[in-house]
Asks: 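My questions will all concern the structure given below.
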Amino acid sequence: MTERLRRHRRTKIIATLGPASSTPEMIAQLFQAGADVFRLNFSHGSHEDHARRIEMIRAVEQKFRRPIGILADVQGPKLRVGTFQSGRVQLQAGQNFILDMNMAAGDTRRVCLPHPEIHAAAEIGTTLLLDDGKLRLRVLHKRGDHLLTEVLNSGVLSDRKGVNVPDVVLPIPALTAKDRADLDFVLPLGIDYIGLSFVQRPEDVAETKALAAGRACVMAKLEKPQALDNLEAILDLADAAMVARGDLGVELPPEEVPIAQKRIIRAAQLRGKPVVVATQMLESMISAPAPTRAEASDVAAAVFDGTDAVMLSAESAAGQYPREAVNMMDRIVARVERDEDWRKSLDAKRPAPEKSSADAIAAAAVQVAHTIGAQAIVALTESGSTALRVAREKPDCPVLGLTTSLAVARRLAAVWGVHAVTTEGVHSMTQAVENALKLARTEGFAKKGDEIVIVAGIPFGQPGTTNALRVARL
């Protein structure tokens, strides 16, 4: 069973659960089709829905004896206009339109914008994007309680459509009261990553990390231009990153999004932190059994860039073909990784090791494995940091991450190239080598006569002490 479920690719797949994928049978099918991590979207569904999904995921994990990661994606602040007397209005380019704090239903001249932070932060000339950027307004004049704007393009505006303000940092915390309640509920149930929306500054990440208190890693969703201005500081604090191209694509010009994606991936790789590319990857598979050629190329481009994981949203949560979408993602990723240009591309982008003995050992392990044609690098990893360091080097053989912690194994499910296994603790290098050889064989990575490279930290059981390297033959 374990051999059959070993992934023959390095890039991981995250699948969002929702109405189309919330039965034990479907979750098992998605896992078998290729999902390594499941995402729970707290913008939708009740606490009871999410608790049931977690229970089902953990049942699948037990059935297949493979650690599965869970990403709880919190909603973040949702900025919206109010309602209209007729439910919707037609706005014309060039007309004036007022956004105010009056809760009365709007008309063609005005509507409520119940967010004092936007009123305070907007300046004359600030651009406001409504309904995912379909309508653009420019601020002409501001008073304490209203903004007079010019409509820049004609279009329909209906009740409670979203508002984006790409030009300014809004003094709004990334975590809302709803997010805090959601995290209070879900953290004790055992999740592995928190998807943090609306990140603008490193302080947003610090606040969530304090709340998580080590119970889950924080994945900063990079979806605002302000986050790109503070990218390095945000990534220094976050445990992982997501290129959240939905809102990023609204707030940035379309031609800037691919450049931002590459920049975020590169910055995360330099720090050895997992990075996910998300949103609209196989969007047409919500309603069609096959993707467009452009979508297949989009997934392939992210894999060539060396992203740790690619993510499905509505495709697996609400689409008509959830299993087929995961299977298609799996096929595209596996095909790209068989291409010789993929390997050349990763080697060309490999970051220089940091000036630490742990990074030197990880880089040496990858070099030794390549030189001797090792079947796997076995990383004995208490906290996950040894496996992360080896994965950062993008070795040309699989990484077998051995850990005594199921929580660490689940977190490694999102990390490029790592096949995580929970195992008993070891107390000597001899024991470590024996254990590595045994698991390399039983997990299907090596057979008699094959060589493996083993990386560990001595003394054993102390996190963050990568300092030993061995070569062993089965």
Side-chain angles (χ1 to χ4, degrees), residues 41 43 73-81 91 97 99 111 113-139 142 147 149-153 155 157-158 160-176 179 195-205 219-235 238 241-268 275-281 283 298 302 311 313-314:
N41 184 359
S43 296
D73 201 331
V74 295
Q75 180 174 316
K78 287 294 166 197
L79 308 174
R80 301 181 187 282
V81 297
L91 299 182
F97 190 67
L99 302 168
V111 74
L113 179 64
H115 302 288
E117 301 91 348
I118 297 181
H119 290 273
E123 303 285 349
I124 291 168
T126 295
T127 303
L128 301 173
L129 307 177
L130 278 58
D131 191 9
D132 288 340
K134 296 186 183 73
L135 274 166
R136 302 170 73 87
L137 311 180
R138 185 172 59 229
V139 176
K142 67 175 277 187
L147 301 172
T149 72
E150 179 189 0
V151 178
L152 298 181
N153 64 291
L157 182 60
S158 52
R160 297 194 180 88
K161 285 300 181 191
V163 180
N164 293 75
V165 192
D167 301 351
V168 292
V169 175
L170 293 174
I172 297 173
L175 285 178
T176 64
D179 299 334
L196 181 62
S197 301
F198 208 83
V199 174
Q200 298 184 98
R201 306 155 306 146
E203 291 85 345
D204 298 329
V205 178
M219 182 181 287
K221 294 173 63 180
L222 301 162
E223 54 193 349
K224 296 191 69 61
Q226 293 75 22
L228 296 179
D229 294 339
N230 297 311
L231 182 61
E232 281 69 24
I234 287 168
L235 290 181
M242 182 190 291
V243 188
R245 304 181 306 176
D247 276 312
L248 198 59
V250 173
E251 299 212 1
L252 281 183
E255 67 274 17
E256 294 293 334
V257 176
I259 310 301
Q261 175 173 313
K262 284 180 182 292
R263 186 183 154 208
I264 293 165
I265 292 173
R266 183 83 184 130
V275 57
V276 178
V277 175
T279 326
Q280 297 177 327
M281 297 219 81
E283 184 91 343
D298 180 38
M311 192 176 102
S313 299

Asks: Between CG of Asn230 and CD of Glu203, what distance do you get to the nearest 0.5 Å?
Replies: 8.0 Å
Asks: CG of Leu196 to CG of Asp179: how many Å apart, nearest 0.5 Å?
Replies: 8.0 Å
Asks: Considering non-hydrogen atoms only, spot the tightest contact between Ala302 and Met281 and give its length.
Replies: CB-CE, 4.2 Å
Asks: Would you find a donor on one side and an acceptor on the other, under 3.5 Å apart, between the side chain of Thr176 and the backbone of Pro77?
Replies: no
Asks: Does a side-chain N-to-carboxylate-O contact under 4.0 Å join Asp73 and Lys221?
Replies: yes
Asks: Sequence neighbours excluded and cut-off under 3.5 Å, please list the side-chain donor-acceptor pairs for residues 123-137, or say none.
Replies:
| from | atom 1 | to | atom 2 | distance (Å) |
| --- | --- | --- | --- | --- |
| Thr126 | OG1 | Glu123 | N | 2.8 |
| Thr126 | OG1 | Glu123 | O | 2.9 |

Asks: Output the distance between atom NZ (Lys142) and atom NE2 (His119), rounded to the nearest 0.5 Å.
Replies: 9.5 Å
Asks: Looking only at heavy atoms, what is the nearest atom pair of Val168 and Gln200, with distance?
Replies: O-OE1, 4.1 Å
Asks: Say you draw a straight line from OG of Ser313 to CZ of Arg245; how long is it, rounded to the nearest 0.5 Å?
Replies: 9.5 Å
Asks: Rounded to the nearest 0.5 Å, what separation is found between the CD atom of Glu232 and the CZ atom of Arg263?
Replies: 5.5 Å
Asks: Taking atom NE2 of His115 and atom CG of Leu99, what is their separation to the nearest 0.5 Å?
Replies: 10.5 Å
Asks: Looking at Glu117 and Leu170, what are the two nearest heavy atoms and their distance?
Replies: O-CD2, 4.2 Å
Asks: Is there a side-chain contact between Leu228 and Leu252 (heavy atoms, below 4.5 Å)?
Replies: yes
Asks: State whether the side chain of Gln226 and the backbone N or O of Pro166 hold a donor-acceptor pair below 3.5 Å, judged by distance alone.
Replies: yes
Asks: Would you confirm whether Asn41, through its side chain, and Ser43, through its main-chain N or O, come within 3.5 Å as a donor-acceptor pair?
Replies: yes
Asks: Does a side-chain N-to-carboxylate-O contact under 4.0 Å join Asp204 and Lys224?
Replies: no
Asks: Testing the basics here: between Asp298 and Gln280, what is the closest heavy-atom pair and its distance to 0.1 Å?
Replies: OD2-O, 4.2 Å
Asks: Between Ala122 and Val139, which heavy-atom pair has the shortest distance, and what is it?
Replies: CB-CG2, 4.4 Å
Asks: Looking only at heavy atoms, which two atoms of Ala260 and Leu248 are closest? And how far apart?
Replies: CB-CD2, 4.2 Å
